[in-house]
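Chain letters run A, B, ... following the sequence lines, proteins first, then strands; residues in each count from 1. Only heavy atoms go into these numbers, but all of them, side chains included; no hydrogens, no water, no symmetry mates.
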Amino acid sequence: MIKNKLNEIVSHKTKLLVLILAILSLSACEKTESETSANDSASTEKVEQITSESSNLIAEANKQSAKAKEVGFEWSTTQKLIDQAQQAEEAGDTKLASELANKAIKESKNSLAQAKYADEHWQDHTIN
Amino acid sequence: MNLIKTNKFHWLAGIATLLLSVSVHSQNNENKQSSFQENVKEDIQEFRDFYSKKFSNIDINEFKDGVYAIDAKSREQWLEIEEFAPYEISVEEGEEAFGETFANGKSYIDCFPKVEDGIRQNYPYFNTETNQVITVELAINQCRKTNNEKPLAFGNGTLADISAYISFASRGQLLDIKLPNEKAYDAYMAGKKFFYSKRGQLNFACADCHLQIAGSMLRADLLSPALGHPTAMPVYRSNWGELGTLHTRYAECNKNVRAQPLELQGEDYRNLEYFQTMMSQGMEVNGPSSRK
């Protein structure tokens, strides 16, 4: 009789334990899911940010290159860099796209400096 | 009576002042004109003196042969090539194209009536009505436009062939380039500025290769002097495998220093041609020619 009661109590406790464990595990699971979802969202945001950064750099490279072209001092290497940056971005390699766009910006700024120098100093190089 | 005298005096004084101011103005214009004419004359002399000093054993008129004036071995090979000149077909095709009758019944001869006497020696010239430099190639297309024909592509092909025929008919004539007014001088100065301005990723000016270090080797090529370049145009270049104009060569030079080539027959290249041809003033037209 006592044994039966004891068994009943143990079985009740076991059931309770199992129930508690199940609740805990569900809660943990829920927490992990929400964490994953938060992580995913942050990661997407970061990718978008990088993509937007490389797009901005490509736009800036185009702008600077147009300025160099306007004064007739564009380098033949610059447009190739911009095209390659565009391709890298389309392929999802935003890091490479940014690097190439930055190079193109630097080239255009150098060619604009070259135009300015020519404007101010071309006569220093004449024989007359 | 006195009033009439005073009026007369005022009239006379007015007319005298007017005449004086017109005379001063015209004197100023003449001074200005002679001043830029003098500047250009000095430029031509100094340009020639530079090459005379650099290549003291070469007669100044020999520079019309470009790099073959300064390198005996290359000259020998070139003279052999000239025996069966690779541009001959272009001259024939150019002559044929020149004889073409436009849809309106007119032809090139209506635009260039003196072609057989030689006209290349007067190109480029400065058009004082439109205030721009006119090259032979631009004039060919202007002729087509006037006669409602589609323009030809600049650089090579039929337009270069017609240009070759015009040069061939002008062989032996001496370059006689005019500088009619101050605006022409501005165009000349723009061309001069282009010639001396460094461009491209390699930071080279036309003057660097074809003036300062002319006669030096650049990789496997001997750099030609800029003096005389325009006399030999258009040119058949072996590495092109066809005939091209001076502007095609400018574009190639720009590419070589990693600068984006400019528009063929655009203002920049036309002004450069004006300056460069002016520097070769008085030299003999010997185009078309062949080069490596």
Look up atom [atom1] in [X] and atom [atom2] in [Y], then write down how far apart they are to the nearest 0.5 Å.
{"X": "B:Lys198", "Y": "A:His121", "atom1": "NZ", "atom2": "NE2", "value": "12.5 Å"}
{"X": "B:Gln201", "Y": "A:Gln114", "atom1": "CD", "atom2": "CD", "value": "10.0 Å"}
{"X": "B:Asp49", "Y": "A:Ile127", "atom1": "CG", "atom2": "CD1", "value": "8.0 Å"}

Select one option (side chain, backbone, both, neither) describing which atoms of [X] are under 4.5 Å from chain A's heavy atoms.
{"X": "B:Ala259", "answer": "both"}
{"X": "B:Gln212", "answer": "side chain"}
{"X": "B:Asn203", "answer": "both"}
{"X": "B:Leu202", "answer": "neither"}

Quiz prompt | Best-contacting candidate, A:Glu107, A:Lys69, A:His125, A:Gln79, against chain B by heavy atom pairs under 4.5 angstrom | solution =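 Most pairs with chain B among the choices: A:His125.
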Quiz item: Most heavy-atom pairs under 4.5 angstrom with chain B, which of A:Ser76, A:Ala115, A:Gly72?
Solution: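 Among the listed options, the one with the most contacts to chain B is A:Ser76.
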Practice problem: Taking ring-ring contact (aromatic ring centres under 6.0 Å, His included) as the test, write out the residues that go with B:His247, two or more places apart. | Solution: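 Residues passing ring-ring contact (aromatic ring centres under 6.0 Å, His included) with B:His247: B:Tyr250, B:Tyr269.
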Practice problem: Please flag which part of A:Asn110 lies under 4.5 Å from any non-hydrogen atom of chain B: side chain, backbone, both or neither. | Solution: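 It is neither, since no heavy atom gets under 4.5 Å.
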Quiz item: Do side-chain atoms of B:Arg199 reach the backbone of A:Ala118 as a donor and acceptor pair under 3.5 angstrom?
Solution: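 Checking the backbone N and O of A:Ala118 against the side chain of B:Arg199, no donor-acceptor pair under 3.5 Å is found.
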